[in-house]
Amino acid sequence: MPADLIRLGKGELKIKLTKKSEIAVENARELLNTIVKENKVAYGVTTGFGKFARVVIPREDLIELQLNLIRSHAAGVGQPLPPKHVRKLMALRINVLAKGHSGISLPVLQQIIQAFNANCLPWVPEKGTVGASGDLAPLAHLALGMLGEGKMWSPKSGWADAKSVLEAHGLKPVTLGAKEGIALINGTQLITSIGCEALERATSVARQADIVAALSLEVLKGTTAAFDSDVHRVRPHKGQGMVAQRLRSLLHSDLFPSGIAESHRFCDRVQDAYTLRCCPQVHGIVHDTIDFVRGIITTEMNSATDNPIIFAERGEIVSGGNFHGEYPAKVLDYLAIAVHELASMSERRIERLVNSAYSELPAFLVKDGGLNSGFMMAHCTAASLVSENKVLTHPSSVDSLSTSAGTEDHVSMGGFAARKALQVVEHVEQVIAIELLAACQGIEFLRPLKTTEPLEALHKLVRSYVKPWDKDRYFAPDIEVAHQLIKEGKVWEATEPYMKRYKNEQLKETRAQSPSTSSLASLRKRKRVKQPLAAQHKV
């Protein structure tokens with residue numbers, strides 16, 4: 001599961017093969033050895049690669065073939081992936097090899113597992129994959145380190161020569177046999193490993209964005225009428241209904257009354273701006289998209305993405321296209337597009353909070369405006385991040401460039417799809433963090449009125465880390481603290497118990513009355529009052 005991969009990336013878990021996996025790996029290797037002994041032609045085993053697939057390699061050169069593959073394909077550029085990404089990359093590659101469809105030998109696989117468990121992590125640059133015949137360049141760098149070549153990192157040694165790092169942990173470099181080079185580099189593990197983090201962080205920020213939006217609505221004295229369950233029953237999208245229910249559980253109700261909501265109960269405002277009123281509809285599709293992406297990424301994580309694929313039970317090796325990265329590439333583009341909308345909505349709510357014409361609060365949420373600028377530049381930061389995301393959400397997977405002399409004539413560009421999806425998610429976290437700070441500051445100007453219990457708990461959480469803005473101060477550290485609260489899921493943790501309590505204890509929905517609300521009973525009452533006049537008119 002994606003959550004398990006995140007834990008592997010953090011170094012919280014170690015890997016051990018099951019007996020079933022060991023048997024599958026040994027059976028596949030036995031078939032491969034038979035094919036080599038019988039001098040049969042099999043792609044990547046006894047032939048060259050890509051454009052050279054028709055070049056049959058002499059038996060005495062098969063090991064050199066695999067070494068040449070790793071060395072030549074380790075051609076990536078850019079900054080090295082951080083340790084957490086390399087751990088996830090290694091873990092996913094081990095998972096592929098353990099399925100028994102790659103032809104790796106059990107001793108080589110065990111050596112890779114030992115390196116993972118010892119935190120010996122090869123140097124893998126972030127750029128260089130087109131995501132077609134797998135993430136060839138980054139996975140080749142991963143394999144190169146296991147050969148004792150290139151650079152490697154461990155907590156014990158830092159960056160050093162790969163062979164030295166392995167030896168410092170009592171490990172030996174891998175010695176490759178037939179097909180073992182291509183078995184190590186064919187697959188979508190870079191796309192999927194980075195994409196998995198983007199997915200998990202998107203899941204976390206999306207549900208917290210709902211909570212922060214509720215706090216902003218409360219400060220802006222919005223109505224809960226638009227979250228009426230009947231409204232969402234007649235347009236029954238799963239995410240939409242879930243967000244509406246979440247908002248109802250956080251805002252004014254019989255269980256959790258709000259003094260702020262009571263203070264404007266009889267105002268003449270008919271409806272709120274879309275960024276408040278349409279949260280269920282806009283945030284809802286984000287949640288539904290995340291659910292869809294989760295299904296694809298989870299399947300991809302647990303798939304055999306090698307080529308050729310060995311079917312020991314059939315006694316065959318089959319060349320296919322499971323290495324193509326279109327599935328994870330496409331859904332990570334979807335993810336970036338969807339989660340961006342959370343920041344797009346949030347930035348507009350920040351504008352409403354800081355703009356006194358909308359909020360009826362002090363301009364930029366600070367006393368002595370002019371002398372103090374308050375949240376003026378924080379809003380600009382949010383706007384800049386949203387604007388960047390508009391460029392980053394352009395889909396990578398709509399592009400393709402033919403490579404390998406036309407053999408790989410369609411590619412996914414999934415590596416960039418994954419990297420920019422993660423960047424988009426981080427920007428969204430930062431924008432939501434700014435909105436959280438602004439909404440909490442707005443609450444200060446509504447005191448002594450209180451909001452609901454769950455939103456007061458959220459306000460208390462933020463104030464335990466960030467004090468109110470009485471006058472201007474260095475702003476960036478406050479944004480970083482709020483960003484960490486979002487990343488660590490603290491906003492969710494502070495409010496989730498109240499939402500569960502609402503679900504269990506609020507037996508009847510609290511429906512807000514607004515100037516546009518009419519009931520059949522009131523209409524009948526008015527008709528009865530007018531009836532004598534109507535009868536008199538007929539006479």
Side-chain angles (χ1 to χ4, degrees), residues 1-3 6 195-196 198-217 222-251 253 255 272 274-302 327-328 330-346 349 393 395 421 424-425 428-429 432 454 486 489 491-493 495-512:
M1 298 297 289
I6 297 301
C196 183
L199 170 64
E200 288 300 287
R201 287 172 64 175
T203 302
S204 178
V205 74
R207 61 187 186 179
Q208 292 178 104
D210 299 340
I211 299 164
V212 176
L215 186 61
S216 292
L217 182 139
T223 176
T224 59
F227 312 136
D228 189 305
S229 61
D230 283 346
V231 171
H232 304 282
R233 176 178 55 80
V234 297
R235 195 195 192 197
H237 291 296
K238 178 184 174 184
Q240 177 178 328
M242 179 185 70
V243 174
Q245 195 277 337
R246 188 169 288 165
L247 293 171
R248 290 195 302 272
S249 72
L250 294 165
L251 295 163
S253 65
L255 183 63
D272 295 317
Y274 288 3
T275 50
L276 301 174
R277 188 179 5 141
C278 299
C279 272
Q281 290 81 1
V282 180
H283 287 209
I285 184 58
V286 178
H287 289 286
D288 287 345
T289 302
I290 289 170
D291 285 347
F292 173 70
V293 174
R294 181 174 300 280
I296 299 295
I297 293 296
T298 301
T299 298
E300 191 72 12
M301 285 171 53
N302 294 287
Y327 262 101
K330 196 67 74 182
V331 297
L332 291 172
D333 280 336
Y334 296 165
L335 181 70
I337 292 167
V339 77
H340 158 71
E341 289 302 323
L342 298 175
S344 181
M345 293 277 280
S346 177
R349 289 192 296 266
T393 51
V424 167
V425 170
V428 173
E429 292 169 344
I432 299 297
I486 297 292
V491 169
W492 179 259
E493 290 177 9
T495 53
E496 184 188 22
Y498 297 96
M499 290 186 278
K500 286 183 176 178
R501 186 178 158 197
Y502 178 91
K503 184 177 181 181
N504 293 330
E505 298 181 25
Q506 180 78 22
L507 301 178
K508 184 179 180 182
E509 185 175 330
T510 304
R511 286 195 158 93

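From a predicted model like this one, the values you see are computed outputs, not experimental measurements.
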Considering all heavy atoms, the nearest Ala343-Val428 contact: CB-CG2, 3.9 Å
Exceeds 12 heavy-atom contacts within 6.0 angstrom, atom OH of Tyr327: no
Is any side-chain heavy atom of [X] less than 4.5 Å from a side-chain heavy atom of [Y]?
{"X": "Pro280", "Y": "Phe227", "answer": "yes"}
{"X": "Tyr498", "Y": "Leu250", "answer": "no"}
{"X": "Leu335", "Y": "Leu332", "answer": "yes"}
{"X": "Pro2", "Y": "Met301", "answer": "yes"}
{"X": "Val212", "Y": "Ser346", "answer": "no"}
{"X": "Glu341", "Y": "Ile285", "answer": "no"}
{"X": "Tyr274", "Y": "Gln281", "answer": "no"}
{"X": "Cys279", "Y": "His283", "answer": "yes"}

Residues that Thr203 engages under side-chain contact (heavy atoms from CB on, under 4.5 Å), provided they are two or more places apart: Leu199, Ile290, Arg294
Who passes salt bridge (charged side-chain N to carboxylate O under 4.0 Å, His left out) against [X], sequence neighbours left out?
{"X": "Arg201", "answer": "Glu197, Glu426, Glu429"}
{"X": "Arg501", "answer": "Glu453, Glu505"}
{"X": "Lys503", "answer": "none"}

Set of side-chain hydrogen bond (donor to acceptor under 3.5 Å, both in side chains) partners for Asp228, sequence neighbours left out: Arg511
Glu300: partners by side-chain hydrogen bond (donor to acceptor under 3.5 Å, both in side chains), with sequence neighbours left out: Thr188
Would you check if the side chain of [X] reaches a backbone N or O of [Y] as a donor-acceptor pair within less than 3.5 Å?
{"X": "Gln506", "Y": "Ser253", "result": "no"}
{"X": "Arg349", "Y": "Ala213", "result": "no"}
{"X": "Ser249", "Y": "Arg246", "result": "yes"}
{"X": "Thr495", "Y": "Val491", "result": "yes"}
{"X": "His232", "Y": "Ala226", "result": "yes"}

Distance, nearest 0.5 Å, that separates CD of Gln208 from CG of Leu342: 11.0 Å
Lys/Arg N to Asp/Glu carboxylate O, Arg207 vs Asp210, below 4.0 Å: no
